[in-house]
Number of protein chains: 2
Amino acid sequence: MFNEAVFADDIAAPSAAPATSCTGRASKPARVAQQCTTCSMRSACMPQTLNAQDLSRFDSIVSATRIVKRGDSLYRANDSFQSIYAIRAGSFKTVVMHRDGREQVTGFHLAGEVLGLDGVCTERHSSDAIALEDSSVCIIPYELLEALCAESRTLQQQMLRTMSGEIVRESSLMMLLGTMSAEQRVASFLLNVSSRMKARGYSPAEFNLRMTREEMGNFLGMKLETVSRMFSKFQRDGLVHTHGKQIRIVDIDALGRV
Amino acid sequence: MFNEAVFADDIAAPSAAPATSCTGRASKPARVAQQCTTCSMRSACMPQTLNAQDLSRFDSIVSATRIVKRGDSLYRANDSFQSIYAIRAGSFKTVVMHRDGREQVTGFHLAGEVLGLDGVCTERHSSDAIALEDSSVCIIPYELLEALCAESRTLQQQMLRTMSGEIVRESSLMMLLGTMSAEQRVASFLLNVSSRMKARGYSPAEFNLRMTREEMGNFLGMKLETVSRMFSKFQRDGLVHTHGKQIRIVDIDALGRV
DNA sequence: CGGAAGCTTGATGTGGGTCAATCCGTGTGG
DNA sequence: CCACACGGATTGACCCACATCAAGCTTCCG
């Protein structure tokens, strides 16, 4: 059986929720009553705004969890769209691929975030979702979710807000890719990760990146060597301290001014 | 009074819908029964999937149209979010601005497309929407729309699909910005405009761009000089013929192979 | 313990940015 | 109606940020 520590082993300890018992990969794909209520990610996850009654209805459609091993895909581009997924533990990248094989990483996703919304419009996914570490997700069957949205106004609102949030996130990435220098891109990437770690109760100054330099490059629109050089530069300038994937942000303000 | 010809004056004539009578800027901001039913953009617009009953309910919440003159904004970043907008005639760009003043155009939008979905998540817009020519939009008050979504399953589905479509559109732009050469970006831009013109019943091979080279550059992540050079190159190579903003695509297949 | 994957760093090349001159089309005012 | 001014487009010369290529190093994992 696994618990969150497996995924958080080399990340600074969470300041909030201690490792609560998790549902594990018990016999069948784990249907457990009151999953959301007991989930340590609840405050960061989709049903955050639901009242007790809606939450329990939401809970009842989240029929299973699924384990995805590091490097495996949760779904692939062109897979038929059945469900969206809430990350329970671990992390993912989403990737769109060009015909010539070049990859654009469209996002790195942490626990509590939702994956798969790209599939709604065509009933097929348009990206791959790959686990960056052994991870688990809650499976939210879309048809049921959509039916429930029709009944719970709050859930409908939450759903629309989540989608809109994704639109806004992607616009700001377009700005990063379209207007910023390599140095600025890496700096904003670090600040972004930092704030998301903080929001999850981890240290905003010290964390482990789960992706390779190449994956960062494919996200930030640059080559892995450039990512590496920028890390070296920030280290020389005393903004961060890096040791492979371990990052310590030394001067967060200066990083913001880059 | 205006009609669609005002906006389409120097665009190749539509092969489908002829200029139907439009609601104009009559006395008060034009509340007209059955707007959608008679709108020539209906087939390209949001309510495309609705049945008669839902359509009439939808119609009844579309309380007004609004005229936006070329260069004026429909909304600005940080404006409080009240409505989304369906473009009835004309075209817009949406822009996110960096603190240092650099602009990223996040999209060019034609008749039938929806603007303003970025505002749902924070109740404030995160981008500017600027008319590229004198244009008119249908105002769809969001609170009413959302209430109606709770009653019409079809409308709810349509709304979620529209948002998901926007997410997918933006991902593919991220790929363009992150992985493609200047030449490829301009080529895909032209192909994209071409297919959208075609979908609206205009010639896919010959059209007028409504934006400046600089605006294209701010969309494609390059400088206006580079945009211009790419146009010249395509012309030398016999792929397109350009005369200022007028574009004729000569070899669409070759453009796709760039 | 060995090999592969990932990371860093240096040397060199180049796509596109920058700067600047000129051209063109359009709207304006005499 | 023409001249002119101005915003936009084109083109050239030069430069620089980042890509590419290459070598060596570190870390991880079987």
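Order of the sequence lines fixes the chain letters, A, B, ..., with proteins taken first and strands second; residue numbering starts at 1 for each chain.
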From the list R210(B), R70(B), K245(B), salt bridge (Lys or Arg N to Asp or Glu O under 4.0 Å) partner of E133(B) resolves to R210(B)
From CE of M180(B) across to P of dG16(C) the rounded distance in Å is 11 Å
Between S232(A) and the options Q235(A), R236(A), M230(A), the side-chain contact (heavy atoms from CB on, under 4.5 Å) test singles out R236(A)
- Just call it for G217(B): base, sugar-phosphate, or nothing, with non-hydrogen atoms closer than 4.0 Å on any strand. nothing
Fill in: Distance below 4.0 Å between S228(B) side-chain N/O and dT10(D) OP1 or OP2
yes
Between T226(B) and dG17(C), does any side-chain N or O lie under 4.0 Å from OP1 or OP2? yes
Check: Are the ring centres of F92(A) and H109(A) closer than 6.0 Å?
Finding: no
When rounded to whole Å, the CG to C1' distance for the pair L224(B) and dT18(C) reads 11 Å
Hey, does the side chain of R229(A) come within less than 4.0 Å of dC18(D)'s phosphate (OP1/OP2), counting only N and O?
-> no
Establish whether the base of dC19(C) is bridged to the side chain of E225(B) by a donor-acceptor pair shorter than 3.5 Å.
yes
>> Please determine whether a side-chain nitrogen or oxygen atom of H243(A) lies at a distance below 4.0 Å from atom OP1 or OP2 of dT27(D).
In response: yes
Rounded to whole Å, CZ of F231(B) lies from P of dT10(D) at a distance of 8 Å
Q) For D118(A) and S127(A), does a side-chain donor sit closer than 3.5 Å to a side-chain acceptor? A) yes
Next on the checklist: Between S232(A) and dT9(C), is there a contact of a side-chain N or O with OP1 or OP2 at under 4.0 Å?
Outcome noted: yes
Note: for R213(B) and M222(A) on DNA chain D, the residue whose nearest nucleotide lies more 5' is R213(B)
_K223(B) side chain near dT18(C) phosphate (N/O to OP1/OP2, under 4.0 Å)_ = yes
